[in-house]
Amino acid sequence: MLGNWDVLGLRATGSIDYSIDGAFVPESQTHVFAQNEPLRGGAIYRLGVLDQALICHSAWALGVGRRLLDELIRYAGARAGRPGQIAGSDAFHADFARAEATFRAAKALVHATWDDTEHTLDSGRTLDVRQETMVRLALNHVTSTVAEVARFVYASGGTSALRDGLIQRLFRDAHAGTAHITSGPQLLRECGRELAGLAPDESWTLFALGP
């Protein structure tokens, strides 16, 4: 274990690098990263290693976003009735409604995308280029949406968000998630190129389109 996971957020994942010397791994226990036809297992394994990671990352983003909003609900409710608190602010009410709607819309896109994926895999087929685009776009979109939610919750949470605690940790985790290659602007541009019909006869190779 190289112990090099020194990061702002997502520290609990423990995503350190490691090295193994002098170990023999039988070919039957290996898997080509870009391969989507498994040697064993059920329909979900036709996703391939990358797409399995994408669905996990999407679920993480949904969990963080929901918990951020729930923590702000608790924060505001605990201070209701006190003068000058956000619970009595019309502006806060409207902003919270927008944040809730924005998050739920991103969640709906994730669920619709993966419902379509599940039907395809259960029918014995693999994903086509458009479906591959959508699983990437849904993750990219929900991650950036959750980062926006995190900024709103942090700004609304006063010193409770500033101090060490759950809101602060979720804020850091959400922004650490935006640093992943799947949530960056290059992937978003690739998704847009395919959706706009400007990548004919191209397919996905990990995080980019190509012939």
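For reference, positions follow the sequence shown, starting with 1. These values consider heavy atoms only, across backbone and side chains, with no hydrogens, waters or symmetry-generated copies. Quantities reported herein were computed from a predicted structural model and do not represent experimental measurements.
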Applying ring pair (Phe, Tyr, Trp, His ring centres under 6.0 Å), name anything that partners Phe103, two or more places apart in sequence or on another chain. none

Provide the full list of ring pair (Phe, Tyr, Trp, His ring centres under 6.0 Å) pairs with a residue in residues 36-76, sequence neighbours left out, each pair given once. His57-His180

Taking the side chain as every heavy atom from C-beta outward, state whether Leu188 and Leu137 have any atom pair closer than 4.5 Å. yes

Are any non-hydrogen side-chain atoms of Val153 and Ile167 less than 4.5 angstrom apart? yes

Can you give the donor-acceptor pairs under 3.5 Å from side chains of residues 105-119 to other protein atoms, not counting sequence neighbours?
from, atom 1, to, atom 2, distance (Å)
Thr113, OG1, Leu109, O, 2.7
Asp116, OD2, Gln131, NE2, 2.7
Thr117, OG1, Thr113, O, 3.0

pair Phe152-Leu72: side-chain heavy atoms closer than 4.5 Å: yes

side-chain contact (heavy atoms from CB on, under 4.5 Å) filter on Thr13, not counting sequence neighbours, yields Trp5, Leu10, Ser15

If I compare all heavy atoms of Ala87 with all of Ala80, which pair ends up nearest, and what's the gap? CB-CA, 3.7 Å

Any salt bridge (charged side-chain N to carboxylate O under 4.0 Å, His left out) pairs touching residues 161-185, not counting sequence neighbours? Arg169-Asp173

Listing request: all side chain to side chain donor-acceptor pair (under 3.5 Å) pairs with a residue in residues 134-148, at least two apart in sequence or in separate chains. Glu132-Arg136, Thr143-Ser183

For residues 17-30, tabulate all N or O donor-acceptor pairs below 3.5 Å that involve a side-chain atom, not counting sequence neighbours.
from, atom 1, to, atom 2, distance (Å)
Asp17, OD2, Asn4, ND2, 2.9
Thr30, OG1, Glu27, O, 2.7

Residue pairs fulfilling salt bridge (charged side-chain N to carboxylate O under 4.0 Å, His left out) with at least one residue in residues 97-106, sequence neighbours excluded: Arg66-Glu100, Asp95-Arg98, Glu100-Arg104

Mind listing the closest non-hydrogen atom pair of Val146 and Ala61 along with its distance? CG2-O, 3.3 Å

Is any side-chain heavy atom of Met134 closer than 4.5 Å to one of Arg130? yes

Out of curiosity, Glu194 CD to Glu190 CD, how far, rounded to the nearest 0.5 Å? 10.0 Å

Reported CH2-to-CG distance for the pair Trp204 and Leu127, which is rounded to 0.5 angstrom: 12.5 Å

Give the other cluster members for Phe171, using side-chain heavy-atom distances under 4.5 Å between Ile, Leu, Val, Met, Phe, Trp and Tyr residues; answer none if it is isolated. Tyr154, Leu162

Looking only at heavy atoms, which two atoms of Leu69 and Ala99 are closest? And how far apart? CD2-CB, 4.1 Å

Under the salt bridge (charged side-chain N to carboxylate O under 4.0 Å, His left out) definition, can you give me all pairs with a residue in residues 201-211, not counting sequence neighbours? Arg193-Glu202

Hphob cluster co-occupancy, Leu209 + Ile181, side-chain heavy atoms under 4.5 angstrom: yes

Which other residues end up in the same hydrophobic cluster as Leu198, if Ile, Leu, Val, Met, Phe, Trp and Tyr are linked when side-chain heavy atoms come under 4.5 Å apart? none

Enter the distance from Leu206:CG to Asp51:CG here, rounded to the nearest 0.5 Å. 10.0 Å

Of all pairs that satisfy salt bridge (charged side-chain N to carboxylate O under 4.0 Å, His left out), the ones with a partner from residues 71-90, not counting sequence neighbours: Arg67-Glu71, Glu71-Arg74

Would a 4.5 Å heavy-atom cut-off, applied to side chains only, mark Val135 and Leu139 as touching? no

Kindly check if the number of other-residue, nucleotide or ligand heavy atoms within 6.0 Å of CD1 (Ile44) is above 12? no

Got a second to check how far Asp128's CG is from Thr133's OG1, nearest 0.5 Å? 8.5 Å

Out of curiosity, does Leu195 fall in the hydrophobic cluster containing Phe207 (side-chain heavy atoms, cut-off under 4.5 Å, transitive links)? no

Decide yes or no for Arg125 and Arg46: does some side-chain heavy atom of the first lie under 4.5 Å from some side-chain heavy atom of the second? no

